[in-house]
Trainee: 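Here it is: the structure, laid out below.
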Amino acid sequence: MPEEPVPSPCIKICVVHSEARICTGCLRSLEEIAAWPGMSNDERRAVLAALPDRGALLKRRRGGRAGRLSRNGD
């Protein structure tokens, strides 16, 4: 009997973080999202295993207006 496909982690909140370049909903990269349908279950499991560590990339504060001004050199 064939193995059931590993389901996508997509939660229908598809917004790409401009600096981290990952989806803020599922935490996958654009490349991973595009490749998901053709991935094996082992490849999908590897992606899923990497997702928890990526959440910290989105929680890091960027400094609000002061941070934006310092990044832009204003």
Side-chain angles (χ1 to χ4, degrees):
M1 180 185 270
E3 183 181 19
E4 287 289 319
V6 173
S8 167
C10 181
I11 59 170
K12 309 292 190 246
I13 300 175
C14 305
V15 177
V16 176
H17 188 276
S18 62
E19 291 181 16
R21 305 289 300 151
I22 58 175
C23 174
T24 61
C26 68
L27 304 177
R28 292 179 294 169
S29 69
L30 295 176
E31 294 79 14
E32 290 166 340
I33 293 168
W36 190 266
M39 286 183 176
S40 69
N41 276 343
D42 287 339
E43 291 169 321
R44 289 178 176 191
R45 284 187 202 97
V47 170
L48 292 175
L51 299 183
D53 294 335
R54 297 179 186 176
L57 295 173
L58 305 181
K59 292 182 174 120
R60 196 174 306 149
R61 291 193 53 106
R62 295 175 16 189
R65 182 175 185 272
R68 184 175 58 255
L69 292 175
S70 69
R71 282 192 302 277
N72 294 334
D74 296 338

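FYI, side chains are in, hydrogens and waters are out, and symmetry mates aren't considered; it's all heavy atoms of this structure.
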Trainee: When you compare the side chain of Leu27 with that of Pro9, does any pair of heavy atoms fall below 4.5 Å?
Mentor: no

Trainee: Going by salt bridge (charged side-chain N to carboxylate O under 4.0 Å, His left out), name the pairs with one or both residues in residues 20-37, residues two or more places apart or in two chains.
Mentor: Glu32-Arg54

Trainee: Using the rule that two of Ile, Leu, Val, Met, Phe, Trp, Tyr join whenever any of their side-chain heavy atoms come within less than 4.5 Å, decide whether Met39 and Leu30 are in one cluster.
Mentor: no

Trainee: At their closest point, which heavy atom of Pro37 faces which heavy atom of Ala34, and how far apart are they?
Mentor: CD-O, 3.5 Å

Trainee: Would Ile33 and Cys14 count as a side chain to side chain contact (heavy atoms under 4.5 Å, CB included) here? Give the steps.
Mentor: CA-CA 10 Å; Ile33 293 168; Cys14 305; over 6 Å; no

Trainee: With a 4.5 Å cut-off on side-chain heavy-atom distances among I, L, V, M, F, W and Y, is there a chain of contacts connecting Trp36 to Leu51?
Mentor: yes

Trainee: Calculate, to the nearest 0.5 Å, the distance between atoms CD1 and OG1 belonging to Ile11 and Thr24 respectively.
Mentor: 7.5 Å

Trainee: Does anything in residues 1-15 form a salt bridge (charged side-chain N to carboxylate O under 4.0 Å, His left out)? List the pairs, not counting sequence neighbours.
Mentor: Glu3-Arg45

